[in-house]
Amino acid sequence: MEHERIIIERGKRSGLPIIVAVHSTALGQAIGGCRLAAYADWRDGLTDALRLSAAMTDKCALAGLPNGGGKTVVALAPGRTLDGRDRRDALHDVADVIASLGGTYATGPDMGTGPDDMATIAERTPYAFCRPVTSGGSGDSSEATAVGVLACLQTLCAESDLSNRTFAILGLGRVGAHLLGLLHEAGAQQVVVSDVDETRRAVADKYGATWTTPQACLTADVDVLIPAATGGLLTPDSVPTLRCAAIAGPANNQLDQPATAGLLHDRGILWAPDIVVSAGGIVHATAVELHHETSAEATARVRAIGGTLAEILRTARATGTTPAEAARARARNVVARGRGELAR
Ligand code: PHE
């Protein structure tokens with residue numbers, strides 16, 4: 001068993017499966033968002049929580065944070081959404097589980113949740129990042145996540161001028177939409193975008209991006225494909241259909257399994273590991289809320305993610321491994337060193 005602690009319970013108020021997985025506290029308090037999503041079976045939500053919390057451990061280690069990895073999943077039945085009283089009940093159920101962990105784990109926003117939800121959780125436990133600025137939190141982390149992704153795109157393109165590059169953003173949720181705005185500001189002329197939610201098309205129109213279907217976006221002939229929706233999109237089936245030169249995006253767990261990194265490598269597609277690229281949100285939130293930095297100082301830290309990616313790509317080239325393996329090896333090293341220090 002790799003995880004330190006897994007709590008699964010039927011929420012007292014909501015009756016919903018509440019899953020909190022604490023993967024590691026070797027470097028410090030475990031952190032990781034609260035995902036409110038639909039699953040065919042709640043056990044699929046458990047699988048997601050296990051994988052996502054393990055990825056958070058690596059993400060924190062690579063970002064140089066004194067934190068470990070965890071994740072919360074509230075598993076909804078397919079097609080179900082949660083509003084009003086039901087939403088509050090589910091979030092309070094989450095809060096009680098987090099409170100029972102006594103500060104070893106703190107949550108934050110993730111797919112399906114945002115700053116207001118963190119404020120609701122914070123009614124019952126202090127361990128929630130990214131409450132709205134007006135309630136004393138660091139606010140929405142999606143903009144910082146997008147800044148981190150942009151820094152990685154600049155590393156991949158080996159220049160800060162992105163105006164001659166082409167991009168495909170798969171998913172225009174909070175992070176994807178911010179990123180589209182940043183690419184627009186950076187002068188990018190050719191951006192293809194998609195989202196399963198048709199109403200997001202307005203965001204594409206605002207920035208003059210080309211709206212297409214998720215399938216066409218995934219296989220677009222572009223310099224960089226940017227996964228910004230659910231994970232698991234890179235599979236033995238999808239990799240042969242890709243026409244991008246590189247992939248870098250904020251979606252968590254983009255590979256269906258570790259071996260898929262090898263398939264990308266064999267096809268000559270440069271995959272920037274998601275555990276590096278997606279760290280902007282946690283870097284910003286912890287810098288502001290735990291280390292009391294200003295938002296500007298925190299954002300400078302977020303930009304440094306581009307430098308970390310450059311180092312990992314260099315190591316991968318020098319040792320003849322994939323960026324995925326180089327990133328994981330580096331993360332494992334950091335955690336092992338942390339464990340040693342704790343033992344002393
Ligand atoms: N969704 C964020 C991530 O996957 C989780 C998070 C953000 C946790 C901000 C804490 C603070 O990295």
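Here the structure is a predicted model, which is why all the values come from computation and not from measurement. First listed ligand is number 1; within each ligand, the first listed atom is number 1.
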Undergrad: Any heavy-atom pair between the side chains of I282 and M56 that's under 4.5 Å?
TA: yes
Undergrad: Any heavy-atom pair between the side chains of L16 and R80 that's under 4.5 Å?
TA: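 Yes, close enough: below the 4.5 Å cut-off.
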Undergrad: Do NZ/NE/NH1/NH2 and the carboxylate oxygens of K12 and D93 come within less than 4.0 Å?
TA: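 No, K12 and D93 are not salt-bridged.
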Undergrad: Can you list every ring-ring contact (aromatic ring centres under 6.0 Å, His included) pair that touches residues 197-218, not counting sequence neighbours?
TA: H184-Y207
Undergrad: Look at D89 together with R13 and state whether they make a salt bridge at an N to O cut-off of under 4.0 Å.
TA: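 No salt bridge links D89 with R13.
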Undergrad: Going by heavy atoms in the side chains, are H3 and L50 under 4.5 Å from each other?
TA: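 Of all side-chain heavy-atom pairs linking L50 with H3, at least one is under 4.5 Å.
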Undergrad: Please list, by chain and number, the protein residues whose heavy atoms come under 4.0 Å of ligand 1.
TA: G33, M56, K59, K71, G108, P109, D110, F129, C130, S141, N252, G281, I282, A285
